[in-house]
Amino acid sequence: MEGPELWRELGQQLRVDSVRCAAAAKSGHPTSGMSAADLMAVLLAKYLRYDFDSPKDPANDRLVFSKGHASTLLYAMYRAAGVISDEELMSYRQFSSIFEGHPTPRIPWVDVATGSLGQGLPYGVGMAIAGKQLDRTPMRTWVLLGDSEMAEGSQWEAFEHAAFYELDNLIGIIDVNRLGQRGETMHGWDLDSYANRARAFGWHAIEIDGHDVEAVDRAYEEALGAGKPTVIVGRTLKGKGVKAVENKPGWHGKALDNPDQAIEELGGIRNLTVDVAKPDSSGRSRELESDALELPRYELGGEVATRKAYGEALAALGKARGDVVALDGEVSNSTFAEIFRDAVPERYFEMYIAEQQLVAAAVGIQVTGWRPFASTFAAFLSRAYDFIRMSAISRANYCLVGSHAGVSIGEDGPSQMALEDIASLRAVHGSTVLHPSDANQTVKLVAKMAETDGIIYLRTLRPNTPVIYDADEDFEVGGSRTLREGDDVALVAAGVTVHEAVKAADELAQEGIEARVIDLYSIKPLDEVTIRSLTIPIVTIEDHFPEGGLGEAVLAALAEVEERPRLVRLAVWEMPHSGTPAELLAAAGIDAEHIADAARRLVGAPAPA
């Protein structure tokens, strides 16, 4: 059996298996898988080039199920490819199974977790960029999209960036089955509404009957020769092939009531196995160059913004490591990612004002082993938080850098002041959160970021700050530094407040109060040994809202200490507004004067005359 006959039979097998595994689980989205079964049957049998024994090979095509709820179809494809058994398929959604309700990289052939809709195409953009411009292989990225998720703005960020980067190796497939979770989608079966918008963004668009396997075949062939990103808009029927559910609302996310009857209606269980073609070559087509890392060095006593130190360190890292990639959200002259852009232009990608695509591209690029650094103003990372959250489920390894954090940015006002970023990034599973206070510390941490797994966040500052560490000093993730010794009170700070704490300690010393100053530059993981060793009163100082920031991280570390020291948290408790950095630090109560006052109260010392 081959050609259209095979594709039709395979499509039916994929439908049957979708029904079967959802019935075993008594849950799932089989009708969503049934609508796209013919689209995926032709892809699997003829067009996908993938070595299941070497899933991370950069020469492989990438397949992303943006409509991750159609996981029954994906797992049915794996059975048809001969890489999982029927028993494994039928373990769908069970506690002991890797075949979860939505696909994750616990499965070796899944590159990114999906299920939060609107993310697959943005990830596909990153994968296609990696394939075309970094790995330089003839791979293609195929993304199965649901029509409901086309309402997400992130999809259209992806359409625009794919056209800008001329990603002719990216093919989107929209399964237009008309029915969403609660009823009809915004555009129903109006295929033109999808195709015309795609064309307006610079894509080639093909409208087809998604159940006509010969039309699907022609569309894929046309897409591969289009010379630009292509979207195939397929009109389909949700629950195709089973009269009880076909094109009927109310069946989204439900196993079928009579699965045996449905399987019989679909022609019964089949056991077709498809020999999926492997790519013609393996590996990337370029060697990754490496050289000795020469980080910038800054003189003690000088003043340098940590954001500038980040840019200079990243450029040095890019010259030394051929796997380092930089992306920015059109603020590279503020984040100083432009220094990398000028030094290593072939590994720099401008994502413009599209933070969701910025993070998604980084996640897509890291799939084949690249180490992306994505930077923007820290406040704007909140636009992409769902992508960051999902990338933790993807087990992604990449670096985020947020500049212009806190009230210390000054006159721009609260819309630009990240005051929630530490809390939000700390909450991401497996993340690392770093907040350096000086330039030499920053460059050492940037180098460490490239060697750390997971999502690593670096918070940088807008103003110049004093260089207080020697260029030869090393800084470990999870460490801290004690800048002043003292046994009366501990001042625990990070970033700009470190310098305010040092000033406060110097002032207190003149009054006979010995303050210990701790630079807690690694907020996650925290130096719990140092924090738990404190038996003296503690003042935490942070340029951040009090919820979820440095102060609460310190309190969490002390939670199981039987005799906890008294602790006062200084943070930005009120909504700030425009002003100079000095005015804003004082208004928030996190400048040297307020730190010293808090320390005096803790130790019962009078205020100076």
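Judged purely by atom type and a 3.5 angstrom limit, Ser154 uses its side chain to pair as donor or acceptor with the backbone of Gly118. Not a single donor-acceptor pair under 3.5 Å links the side chain of His429 to the backbone N or O of Ile393. With hydrogens and angles ignored, the 3.5 Å screen pairs a side-chain donor or acceptor of Tyr75 with a backbone N or O of Glu100. A distance-only check finds a donor-acceptor pair linking the side chain of Ser285 to the backbone of Arg136 [under 3.5 Å]. Side-chain N or O atoms of Thr497 include one that pairs as donor or acceptor with a backbone N or O of Ile541 at under 3.5 Å. The backbone N or O of Pro229 lies less than 3.5 Å from no partner atom in the side chain of Asp168, so there is not a single donor-acceptor pair. Side-chain atoms of Ser394 do not come within 3.5 Å of backbone N or O of Ala396 as any donor-acceptor pair. With Glu542 contributing its side chain and Leu550 its backbone, the two residues share a donor-acceptor pair below 3.5 Å. When atom types are taken as modelled, the side chain of Tyr469 and the backbone of Asp474 share no donor-acceptor pair closer than 3.5 angstrom. With hydrogens and angles disregarded, no donor-acceptor distance shorter than 3.5 Å links the side chain of Thr141 to the backbone of Arg62.
With a 4.5 Å cut-off on side-chain heavy atoms, Glu157 and Met351 do not count as touching. Inter-residue side-chain proximity for Leu317 and Phe373 is flagged as met; some heavy-atom pair is nearer than 4.5 Å. Proximity of Phe65 to Met40: side-chain heavy atoms (C-beta onward) are separated by under 4.5 Å at one or more points. At a threshold of 4.5 Å between non-hydrogen side-chain atoms, the residues Glu222 and His204 count as touching. Contact annotation: the side chain of Val231 never approaches that of Phe201 to less than 4.5 Å [non-hydrogen atoms, C-beta and beyond]. Side-chain contact between Gln366 and Ser391 is absent, with no heavy atoms from C-beta onward closer than 4.5 Å. The closest side-chain heavy-atom distance from Ser403 to Tyr310 is not below 4.5 Å. Annotation: side chain of Arg321 is not in contact with side chain of Leu293 (no heavy-atom distance under 4.5 Å).
With respect to Asp323 and Arg371, no salt bridge is recorded, no charged nitrogen being found less than 4.0 Å from a carboxylate O. Classification of Glu552 and Arg426 as a salt-bridged pair fails, no side-chain N sitting under 4.0 Å from a carboxylate O. Of the charged side-chain nitrogens involved, at least one lies within less than 4.0 Å of a carboxylate oxygen, so that Arg462 and Asp412 count as a salt-bridged pair. Taking 4.0 Å as the cut-off between side-chain N and carboxylate O, Asp57 and Arg49 do not count as a salt-bridged pair.
Atom CG of Leu434 is separated from atom NZ of Lys524 by 11.5 Å, given to the nearest 0.5 angstrom. From Met449, atom CE reaches atom NZ of Lys444 across 16.0 Å, with rounding to the nearest 0.5 Å. Taking CD1 of Ile206 as the start and OH of Tyr220 as the end, the distance is 10.0 Å to the nearest 0.5 Å. Summarising the geometry, atom CZ belonging to Arg341 is positioned 8.0 Å from atom CG belonging to Asn333; distances are rounded to the nearest 0.5 Å. Annotation: the span from Ile98 atom CD1 to Thr104 atom OG1 amounts to 8.0 Å, rounded to 0.5 Å. With values rounded to the nearest 0.5 angstrom, Asp291 atom CG is found 10.5 Å from Lys319 atom NZ.
Within the cation-pi definition used here (under 6.0 Å to the ring centroid, within 45° of the axis), Arg284 qualifies as a partner of Trp370.
Checked by atom type, the side-chain pair Ser66/Glu149 shows a donor-acceptor distance below 3.5 Å. Tyr385 and Glu420 are not linked by any side-chain donor-acceptor pair at a separation below 3.5 angstrom, with hydrogens and angles left out of the test. Donor-acceptor pairing under 3.5 Å is lacking for the side chains of Ser54 and Asp51. Using modelled atom types, one finds no donor on one side chain facing an acceptor on the other under 3.5 Å when comparing Asp438 with Thr465.
More than 12 heavy-atom neighbours from other residues, nucleotides or ligands sit within 6.0 angstrom of CD on Glu411. Counting non-hydrogen atoms of other residues, nucleotides and ligands closer than 6.0 Å to CZ of Arg383 gives a total of 12 or fewer. Open room surrounds NZ on Lys308; 12 or fewer heavy atoms of other groups in view lie less than 6.0 Å from it. Atom CD of Glu346 sits in a crowded spot, with more than 12 heavy atoms from other residues, nucleotides or ligands closer than 6.0 Å. Counting non-hydrogen atoms of neighbouring residues, nucleotides and ligands closer than 6.0 angstrom, the CD atom of Glu451 exceeds 12 such neighbours.
Relative orientation of the Tyr348 and Phe340 rings is tilted, given thresholds of 30° and 60° on the angle between their planes. Ring geometry, Tyr50 versus Phe52: the interplanar angle exceeds 60°, so the pair is classed perpendicular (tilted spans 30 to 60°). Ring pair Phe387/Tyr123 is perpendicular by interplanar angle, where above 60° counts as perpendicular and below 30° as parallel. The aromatic rings of Phe99 and Tyr78 sit tilted relative to each other, their planes meeting at an angle between 30° and 60°.
Between Asp61 and Tyr47, the shortest heavy-atom contact is OD2-O, 3.7 Å. Contact record, Ala392 with Ile455: N-CD1, 3.6 Å, taken as the closest heavy-atom pair. Listed here is the closest heavy atom pair of Gln133 and Tyr165: NE2-CD2, 3.7 Å. Heavy-atom minimum distance, Arg459 versus Ala405: NE-CB, 3.3 Å. Residue Val143 comes nearest to Gly124 through the heavy atom pair CG2-CA, 4.2 Å, listed as atom of the first residue, atom of the second, then distance. Of all non-hydrogen atoms in Leu584 and Pro576, the two that sit nearest each other are CD2-CB, 4.5 Å.
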What verdict does the side-chain contact (heavy atoms from CB on, under 4.5 Å) test give for Leu461 and Asp543, after you've listed the backbone C-alpha separation in whole Å, the side-chain angles of each residue and the deciding distance to 0.1 Å? CA-CA 10 Å; Leu461 301 170; Asp543 191 358; 5.6 Å; no
I would like to know whether Leu74 and Leu63 meet side-chain contact (heavy atoms from CB on, under 4.5 Å); could you show each step before the answer? CA-CA 10 Å; Leu74 181 63; Leu63 174 60; 4.3 Å; yes
Pair Tyr457-His435, side-chain contact (heavy atoms from CB on, under 4.5 Å): steps then yes or no: CA-CA 8 Å; Tyr457 175 56; His435 189 16; over 6 Å; no
Would Leu44 and Val276 count as a side-chain contact (heavy atoms from CB on, under 4.5 Å) if you check the C-alpha gap in whole Å, the side-chain angles of each, and the deciding distance to 0.1 Å? CA-CA 6 Å; Leu44 186 71; Val276 177; 3.6 Å; yes
Verdict with supporting geometry, Asp472 and Arg297, salt bridge (Lys or Arg N to Asp or Glu O under 4.0 Å): CA-CA 8 Å; Asp472 292 323; Arg297 301 169 65 88; 2.9 Å; yes
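For the side-chain hydrogen bond (donor to acceptor under 3.5 Å, both in side chains) with Asp519, the lone residue among His499, Arg481, Gln441 that qualifies is Gln441. When the options Tyr352, Trp203, Phe349 are evaluated for a ring pair (Phe, Tyr, Trp, His ring centres under 6.0 Å) with Phe164, the one that passes is Tyr352.
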